[in-house]
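Encoded as structure tokens, the structure appears first; notes follow it.
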Protein chains: 2
Amino acid sequence: MDKRIYEMHAGICCIFSNPKRLEIIDLLRDGEKSVNELSSLMEIPQANLSQHLSLMRQSGILDTRREGVNIYYSIANPKVIKAFEIMREVLLEQLSRHEKLAKKIKIA
Amino acid sequence: MDKRIYEMHAGICCIFSNPKRLEIIDLLRDGEKSVNELSSLMEIPQANLSQHLSLMRQSGILDTRREGVNIYYSIANPKVIKAFEIMREVLLEQLSRHEKLAKKIKIA
DNA sequence: TTAATATATTAGATTATTCGCATATAATAA
DNA sequence: TTATTATATGCGAATAATCTAATATATTAA
């Protein structure tokens, strides 16, 4: 297997390893939003939001479209959402495994 | 949406944001392997391999099983593989988009 | 042109990750 | 017990990521 795929995959996972960026992606799930809209939904300083957006745009995760003074961000490839859904299933299954384990230990 | 899911998702993506760890997961795709087997397949120092394995075990991505002196690692939840496949499709589509764009620019 | 609004960028302090190296533990064999 | 093989852990230096604060740019309106 070509090791460059691991580099690329690791790179994109690195982008995803920040909760605010994941929240942004989630907010864009059902369509584009302007920076302003995101900003009012998100409780982080505007500058910081722009930094996250910029990073995701550069790495091809988000697309942008300018309309007058506003810039609209959207998810470049909806498969990302699909991958996220599966990964969250994994997380939930991990949680329930953990809970079951915790119960077993308490009973024993 | 509960923001803890973003924390958790970011956490697991952080684990995945290292090419060597992704290579390990790939090597475990079709079944468990001992540390020794992984070590001979991977061109990294054994200590470093153990560090990566330990991290993935702690975060519930890998399971372990001891058999005598050997410890066998395996993928805890095969859905991880599924998520990886989709994410790699995204990466390949990004690449081809990029190539097409590069061509367009050269022609223009 | 100036002002106002929307968005992006830079710099620097802080914190987290990663690796190499040395060492530790665990199981088994002799 | 001692030796051997398999695996794990702790420490420290190098590097990278993240946030804040200040500032810059871009678009439109007046």
Side-chain angles (χ1 to χ4, degrees), chain A residues 3-4 6-25 27-28 31-76, chain B residues 3-4 6-25 27-28 31-76:
Chain A
K3 286 182 187 173
R4 276 174 303 180
Y6 302 131
E7 298 281 350
M8 286 174 49
H9 193 164
I12 206 169
C13 284
C14 187
I15 305 283
F16 295 143
S17 66
N18 177 293
K20 287 173 190 165
R21 288 198 284 269
L22 296 179
E23 189 177 355
I24 292 169
I25 292 173
L27 289 170
L28 296 175
E32 60 175 23
K33 284 192 168 57
S34 70
V35 180
N36 223 346
E37 290 174 296
L38 289 171
S39 186
S40 64
L41 290 167
M42 274 197 63
E43 306 193 320
I44 55 171
Q46 175 273 321
N48 194 206
L49 174 59
S50 265
Q51 287 168 331
H52 288 305
L53 290 171
S54 161
L55 197 59
M56 290 197 280
R57 178 177 166 12
Q58 278 173 243
S59 46
I61 295 161
L62 301 183
D63 281 340
T64 56
R65 177 177 76 82
R66 165 158 243 148
E67 194 178 299
V69 89
N70 297 300
I71 295 181
Y72 291 89
Y73 279 82
S74 58
I75 294 170
Chain B
K3 285 180 188 175
R4 276 174 302 180
Y6 301 131
E7 298 280 349
M8 284 174 50
H9 192 163
I12 205 169
C13 283
C14 188
I15 304 284
F16 295 142
S17 65
N18 178 292
K20 287 172 191 166
R21 289 198 283 269
L22 296 179
E23 190 178 355
I24 292 168
I25 292 173
L27 289 170
L28 297 176
E32 62 175 20
K33 283 192 167 58
S34 70
V35 180
N36 223 346
E37 289 174 297
L38 289 170
S39 188
S40 65
L41 290 167
M42 274 197 63
E43 304 193 321
I44 55 171
Q46 174 273 321
N48 195 204
L49 174 59
S50 264
Q51 287 168 331
H52 288 305
L53 290 171
S54 161
L55 197 59
M56 290 197 278
R57 179 179 167 6
Q58 278 172 242
S59 47
I61 296 161
L62 301 183
D63 282 339
T64 55
R65 178 178 76 81
R66 167 158 242 147
E67 194 178 298
V69 88
N70 297 299
I71 295 181
Y72 290 89
Y73 280 82
S74 58
I75 295 170

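Per chain, numbering begins at 1; letters A, B, ... match sequence-line order.
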(message) Under 4.0 Å, heavy atoms only, any strand: does Y73(B) hit a base, just the sugar-phosphate, or nothing?
(response) sugar-phosphate

(request) Please check the phosphate of dT18(C) (OP1 and OP2 only) for any side-chain N or O of H52(B) closer than 4.0 Å. (result) no

(request) May I ask you to verify if any side-chain N or O of N18(A) is less than 4.0 angstrom from the OP1 or OP2 atom of dA17(D)? (result) no

(message) Rounding to an integer number of Å, can you tell me how far I24(A) CD1 sits from dT18(D) C1'?
(response) 13 Å

(message) Between R66(A) and G68(A) (side chain of the first, backbone of the second, donor and acceptor by atom type, cut-off under 3.5 Å), is there such a pair?
(response) yes

(request) Nearest whole angstrom, please: distance from the C1' of dG20(C) to the CD of E43(B). (result) 17 Å

(message) Could you tell me how far apart I71(B) (CD1) and dT5(D) (C1') are, to the nearest whole angstrom?
(response) 13 Å

(message) Between K20(B) and dC19(C), is there a contact of a side-chain N or O with OP1 or OP2 at under 4.0 Å?
(response) yes

(message) Listing request: all side chain to side chain donor-acceptor pair (under 3.5 Å) pairs with a residue in residues 12-23 of chain A, at least two apart in sequence or in separate chains.
(response) R21(A)-H52(A)

(request) Dump the intermediate steps for side chain to side chain contact (heavy atoms under 4.5 Å, CB included) on I61(B) and I75(B), then the final yes or no. (result) CA-CA 6 Å; I61(B) 296 161; I75(B) 295 170; 5.7 Å; no

(message) Without decimals, in angstroms, what is the distance between L49(A) CG and dC19(D) P?
(response) 11 Å

(request) Identify, with sequence neighbours excluded, every residue that meets side chain to side chain donor-acceptor pair (under 3.5 Å) alongside S39(B). (result) none

(message) Rounded to whole Å, please give me the gap between CG in L53(A) and C1' in dC19(D).
(response) 15 Å

(message) Rounded at 0.5 Å granularity, tell me how far CE in M56(B) sits from CD1 in I24(B).
(response) 4.0 Å

(message) Within the 4.0 Å heavy-atom criterion, would you say R21(B) contacts the bases, only the backbone, or no part of the nucleic acid?
(response) sugar-phosphate

(message) Once salt bridge (charged side-chain N to carboxylate O under 4.0 Å, His left out) is applied, do any residues pair with E32(A), and if so which ones, sequence neighbours excluded?
(response) R65(A)

Identify each atom pair where a protein N or O and an N or O of nucleotides 9-13 of chain C are less than 3.5 Å apart, giving names and distance.
from, atom 1, to, atom 2, distance (Å)
dT10(C), O4, Q51(A), NE2, 2.9

(request) Could you encode protein contacts along nucleotides 25-30 of chain D as a string, one character per nucleotide from 5' to 3', using B for base contact, S for sugar-phosphate-only contact and - for no contact, with a heavy-atom cut-off of under 4.0 Å? (result) -SBS--

(message) Applying side chain to side chain donor-acceptor pair (under 3.5 Å), can you list everything that pairs with Q58(A), at least two apart in sequence or on another chain?
(response) S54(A)

(message) Test of understanding: with ring pair (Phe, Tyr, Trp, His ring centres under 6.0 Å), list the residues that count as partners of Y73(A), not counting sequence neighbours.
(response) none

(request) Please round to the nearest 0.5 Å and tell me the distance separating atom CG of L22(A) and atom CG of L27(A). (result) 11.0 Å

(message) Can you list, in residue-number order, the parts of residues 31-40 of chain B that come under 4.0 Å of DNA chain C, counting heavy atoms only?
(response) none

(message) Nearest whole Å is fine: how far is dT7(D) P from R57(B) CZ?
(response) 14 Å

(request) Could you note down all residue pairs passing salt bridge (Lys or Arg N to Asp or Glu O under 4.0 Å) where residues 35-52 of chain B supplies at least one of them, sequence neighbours left out? (result) K3(A)-E43(B)

(message) Tell me which residues in residues 7-15 of chain B lie within less than 4.0 Å of DNA chain D, going by non-hydrogen atoms.
(response) none

(message) Test: salt bridge (Lys or Arg N to Asp or Glu O under 4.0 Å). Region: residues 47-58 of chain B. Which pairs qualify, not counting sequence neighbours?
(response) none

(message) If the condition is side chain to side chain donor-acceptor pair (under 3.5 Å), which residues does S40(B) pass it with, not counting sequence neighbours?
(response) none

(request) State the CG-OH distance between L28(A) and Y72(A), to the nearest 0.5 angstrom. (result) 12.5 Å

(message) Side chains of L53(B) and I71(B), heavy atoms from C-beta outward: is any pair under 4.5 Å?
(response) no

